[in-house]
Participant: 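I'd like to ask you about the structure that follows.
Atoms within each ligand, like the ligands themselves, are counted from 1 in listed order.
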Amino acid sequence: MSDTFTDRFLGILLAAGEGTRMRSNLPKVLHKIGGLSMVGHVIRAFEGAGCENLALVVGNQAEKVSQECEKLSSRLISYIQNERLGTAHAVLAAQESFKDGKNHIIIGYGDTPLVTAELFNAIKDALLEGADIAVLGFESDNPHGYGRLVMNGEALIAIREEKDANDEERAIKFCNSGIMGLRGKHAHDILRVIGNNNAKGEYYLTDAVEIAHAKGLKVRAVIGKEEETLGVNNRYELSNAEAIFQRRKRKEFMLSGVTLQAPETTFFSYDTEIGADSVIEPNCFFAPGVCLAENVTIKANSYLEGDVVNNKKVSIASEAIIGPFARLRPGSLIGEKVKVGNFCEIKNAQIEKGAKVNHLTYIGDAEIGAGANIGAGTITCNYDGYSKYKTIIGQNAFIGSNSSLVAPITIESGAYIGSGSVVTKNVEKDALAVARGKLRIISGWAEVFRGKKIQK
Ligand code: UD1
Ligand code: MG
């Protein structure tokens, strides 16, 4: 049944219906779930389902949305819907992308961030199996507000909007998610004859079903879950979607072999990667751009954040132990068996195998060789108010506690730095560097001092 040469898929993403209920200067679809814009999640789902082309439909003055989406996908083209005249009108705003009939269409929405590639694949499969239109529906106990799917046996014969439905239709609990697939060669012909003679005076995409049915085309419903196409209109709904996203991520990690000691207290991003047998203790936060190998331990209350835009990830090799209370910032490259302990901050630094940074330390713009030991309270002084400078510490070097290493500086392998030193020059291999005032001990001084004070 497939039209071999036209079995290519175009994802059309509708994002022109703004609304003001987010109470925000940021366009609704740019609000984030798991560290990625809502519309970004939909783009990922389309790409995950192998849609070769993507069309985005935005309203006037939505450059921010098209810019963000074009950044996320090189195959996406933006179209503008000048007036908000309904979902079919919105799809037609992108007609340049499908008029030639060479792509099958799948329609998704910028404010339904919980859609998945599997779900778009189900629509794809229905079209490949011969359906001319496939609509994703779900059963809902509370169908109020949704369009209802009117079935006749296996065939979907109409979608009736709540406002246009009679009592019998309103009693139907099988609802329209809005996600629809259309066979390429019929799509344009169907969409362009949709009218606006209905309660809202809008061009309803849903009318495509009755039109196709009347033409004798094959129209099918694909069954999904209400949760997967949940729309977000305000920040309360945004938090519900975030909660669902986090629940999914936690389950995905646990089923792939990651231990989450208190799953409900740990938060992930859309792109977090964690290898099997890693253990995540309670209250950890993974911002975007973080990748853990196998057997990594993240102790409680740690915060990890990469920088995806500038490709500065946080990457942690196997058997490293991070935290408790550690902060890893963009560009932290942590080697095998490295330990980063409590109240340590790492940024843009490579720490090689087995090195230890255990207590109260800032390591920024640095390279630390294998087996080095960085004492408590060590600070790399990497910034003079204008530029950043680099600190290089060789293998097995020993940095005494409370040292300040003023960059640019190189401490060669095996060197020792005496505690409390402010080091401003390079230190050669196996040398000792100490920079501190000489210690004096004056016997009996305290007793004399106290005596004077008491007399007074
Ligand atoms: C729509 C469906 C309904 C379905 C429901 C699921 C139609 C006619 N109805 O109703 O059957 O149950 O979604 O949530 O399709 N949009 C535009 N331009 C427009 C109008 C809408 O881009 O001119 C976009 C909106 O941004 C939104 C989506 O299309 O993301 C749906 O529009 P909305 O007005 O919310 O439709 P519903 O009435 O909810
Ligand atoms: Mg809606």
Side-chain angles (χ1 to χ4, degrees), residues 11-22 27-31 37-39 41-43 55-62 65-66 69 78-95 105-115 119 133 135-140 142-150 156 158-165 169-170 172-182 190-191 194-211 219 221-234 237-238 241:
I12 300 185
L13 221 169
L14 302 192
E18 260 310 308
T20 54
R21 283 182 285 161
M22 294 299 271
K28 176 169 86 171
V29 297
L30 295 187
H31 284 260
S37 59
M38 292 198 271
V39 72
H41 283 271
V42 187
I43 291 175
L56 170 76
V57 179
V58 289
N60 278 325
Q61 300 171 322
V65 177
S66 20
C69 292
S78 302
Y79 297 89
I80 292 177
Q81 184 192 22
N82 283 313
E83 278 177 288
R84 199 179 184 284
L85 299 180
T87 41
H89 183 262
V91 174
L92 279 169
Q95 60 180 304
I105 295 176
I106 301 178
I107 293 157
Y109 302 86
D111 59 358
T112 61
L114 298 169
V115 290
L119 211 147
I133 291 189
V135 174
L136 187 87
F138 56 81
E139 291 283 341
S140 177
N142 183 16
H144 178 76
Y146 290 119
R148 310 297 209 282
L149 301 190
V150 184
L156 172 62
I159 304 178
R160 194 70 67 226
E161 291 305 294
E162 170 103 12
K163 283 194 172 158
D164 302 292
E169 288 163 340
R170 224 170 280 142
I172 296 172
K173 292 189 164 177
F174 195 24
C175 299
N176 176 27
S177 70
I179 291 173
M180 183 185 285
L182 296 112
I190 292 172
L191 291 167
I194 290 176
N196 64 350
N197 184 19
N198 52 50
K200 278 182 159 180
E202 284 188 1
Y203 296 89
Y204 287 167
L205 174 62
T206 45
D207 284 353
V209 168
E210 267 178 296
I211 294 168
V219 187
V222 173
I223 297 175
K225 290 197 212 103
E226 184 170 5
E227 181 185 283
E228 297 173 318
T229 52
L230 211 64
V232 171
N233 293 304
N234 56 44
E237 291 172 356
L238 184 73

Participant: Given the protein's heavy atoms, is any one of them under 4.0 Å from atom 11 (O) of ligand 1?
Facilitator: yes

Participant: Just heavy atoms, cut-off under 4.0 Å: does Leu85 contact ligand 1 by side chain, backbone, both, or neither?
Facilitator: backbone

Participant: Is ligand 1 under 4.0 Å from a heavy atom in the side chain of His89, in the backbone, in both, or in neither?
Facilitator: neither

Participant: Counting only N and O atoms by type, is there a donor-acceptor contact under 3.5 Å from the side chain of Ser66 to the main-chain atoms of Ala62?
Facilitator: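 Judged by distance alone, yes, a pair lies under 3.5 Å.
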
Participant: Sequence neighbours left out, what passes ring-ring contact (aromatic ring centres under 6.0 Å, His included) with Tyr79? Give chain and number order.
Facilitator: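 Checked Tyr79 against ring-ring contact (aromatic ring centres under 6.0 Å, His included); zero matches.
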
Participant: Check the pair Arg160 / Glu210 against salt bridge (Lys or Arg N to Asp or Glu O under 4.0 Å), numbers first and verdict last.
Facilitator: CA-CA 10 Å; Arg160 194 70 67 226; Glu210 267 178 296; 3.2 Å; yes

Participant: Examine the proximity of ligand 1 to Lys200 and report which part, side chain or backbone, both or neither, has a heavy atom under 4.0 Å away.
Facilitator: side chain

Participant: Looking only at heavy atoms, which two atoms of Ile194 and Ala88 are closest? And how far apart?
Facilitator: CD1-CB, 3.8 Å

Participant: Tell me whether atom 26 (O) of ligand 1 lies less than 4.0 Å from at least one protein heavy-atom position.
Facilitator: yes

Participant: Can you tell me the protein heavy atom closest to atom 13 (O) of ligand 1 and the distance?
Facilitator: Gly178 CA, 4.8 Å

Participant: Are the side chain of Lys28 and the backbone of Ala15 linked by a donor-acceptor contact shorter than 3.5 Å?
Facilitator: no

Participant: Tyr146 and side chain to side chain donor-acceptor pair (under 3.5 Å): which partner among Glu226, Lys173, Glu162?
Facilitator: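 Among the candidates, only Glu226 passes.
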
Participant: Do side-chain atoms of Arg148 reach the backbone of Arg170 as a donor and acceptor pair under 3.5 angstrom?
Facilitator: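 Pair found, side chain donor or acceptor close to backbone of Arg170.
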
Participant: Looking at atom 22 (O) of ligand 1, is any protein heavy atom nearer than 4.0 Å to it?
Facilitator: yes

Participant: Closer than 4.0 Å to some heavy atom of Ala90 - which atoms of ligand 1 meet that?
Facilitator: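 Reading through ligand 1 atom by atom, the close ones are 17 (C), 18 (N), 22 (O).
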
Participant: What's the shortest distance from atom 15 (O) of ligand 1 to any protein heavy atom, and which residue and atom give it?
Facilitator: Thr87 OG1, 2.7 Å

Participant: For Gly147, take its heavy atoms, then give the atoms of ligand 1 lying under 4.0 Å from any of them.
Facilitator: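 Once the distances to Gly147 are compared, the set is 3 (C), 4 (C), 11 (O), 12 (O).
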
Participant: What atoms of ligand 1 come within less than 4.0 Å of a heavy atom belonging to Ala16?
Facilitator: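 Every atom of ligand 1 under 4.0 Å from some heavy atom of Ala16: 17 (C), 18 (N), 22 (O), 26 (O).
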
Participant: Measure the distance from atom 28 (C) of ligand 1 to every protein heavy atom, then report the residue, atom name and distance (to 0.1 Å) of the closest one.
Facilitator: Tyr109 CD2, 3.2 Å

Participant: Considering only protein heavy atoms, which is closest to atom 30 (O) of ligand 1, and at what distance to one decimal place?
Facilitator: Asp111 OD1, 3.3 Å

Participant: Is there a heavy atom of Gly231 sitting under 4.0 angstrom from any atom of ligand 1?
Facilitator: no

Participant: Enumerate the atoms of ligand 1 whose separation from the nearest heavy atom of Thr206 is less than 4.0 angstrom.
Facilitator: 7 (C), 8 (C), 9 (N), 11 (O), 15 (O)

Participant: Out of the candidates Thr87, Asp164, Asn196, Asn197, only one should pair with Tyr204 under the side chain to side chain donor-acceptor pair (under 3.5 Å) rule; please name it.
Facilitator: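 Single pass found, and it is Asp164.
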
Participant: Look at atom 4 (C) of ligand 1 and find which of Asn176, Ile159, Val58, Val57 reaches it with the closest heavy atom.
Facilitator: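 Result: the heavy atom closest to atom 4 (C) of ligand 1 is in Asn176.
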
Participant: Of the non-hydrogen atoms in Gly178 and Leu205, which two are nearest, and what is the gap between them?
Facilitator: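 In terms of heavy atoms, the two residues are closest at O-CD2, 4.4 Å.
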
Participant: Would you mind reporting whether Leu14 and Val91 have side-chain heavy atoms less than 4.5 Å apart?
Facilitator: yes

Participant: Would you say atom 18 (N) of ligand 1 has a protein heavy atom nearer than 4.0 Å?
Facilitator: yes

Participant: List ligand 1 atoms under 4.0 Å from Tyr204, heavy atoms only on the residue side.
Facilitator: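 Atoms satisfying the 4.0 Å criterion: 8 (C).
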
Participant: Would the distance check show the side chain of Asp111 and the main-chain N or O of Val29 forming a donor-acceptor pair, the cut-off being under 3.5 Å?
Facilitator: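 Pair absent, no side-chain N/O of Asp111 close to backbone of Val29.
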
Participant: Side chain or backbone of Cys175 under 4.0 Å from ligand 1, or both, or neither, by non-hydrogen atoms?
Facilitator: neither

Participant: Among Lys163, Arg84, Glu202, Glu83, which one has a heavy atom closest to atom 34 (O) of ligand 1?
Facilitator: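 The option holding the nearest heavy atom is Arg84.
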
Participant: Just need the protein heavy atom nearest to atom 1 (C) of ligand 1, so name the residue and atom and give the distance.
Facilitator: Glu161 OE1, 4.5 Å

Participant: Does any part of the side chain of Leu114, heavy atoms only, come nearer than 4.5 Å to the side chain of Glu228, both counted from C-beta?
Facilitator: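 SC-SC contact between Glu228 and Leu114 ruled out.
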
Participant: Over all heavy atoms of both residues, which pair between Tyr109 and Ile107 is shortest? Give the atoms and the distance, please.
Facilitator: OH-CG2, 3.9 Å

Participant: Between Glu161, His89, Arg84, Lys163, which is the residue that forms a side chain to side chain contact (heavy atoms under 4.5 Å, CB included) with Glu202?
Facilitator: Arg84

Participant: Report the part of Tyr146 (side chain from C-beta onward, or backbone N, CA, C, O) that has a heavy atom under 4.0 Å from ligand 1; answer both or neither where that applies.
Facilitator: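 Tyr146 to ligand 1: contacts from backbone and side chain alike.
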
Participant: To check your reading of the model: name the closest protein heavy atom to atom 24 (C) of ligand 1, its residue, and the distance in Å.
Facilitator: Leu14 CB, 4.0 Å

Participant: I need the atoms of ligand 1 closer than 4.0 Å to a non-hydrogen atom of Ser177, numbered in the order shown.
Facilitator: 6 (C)

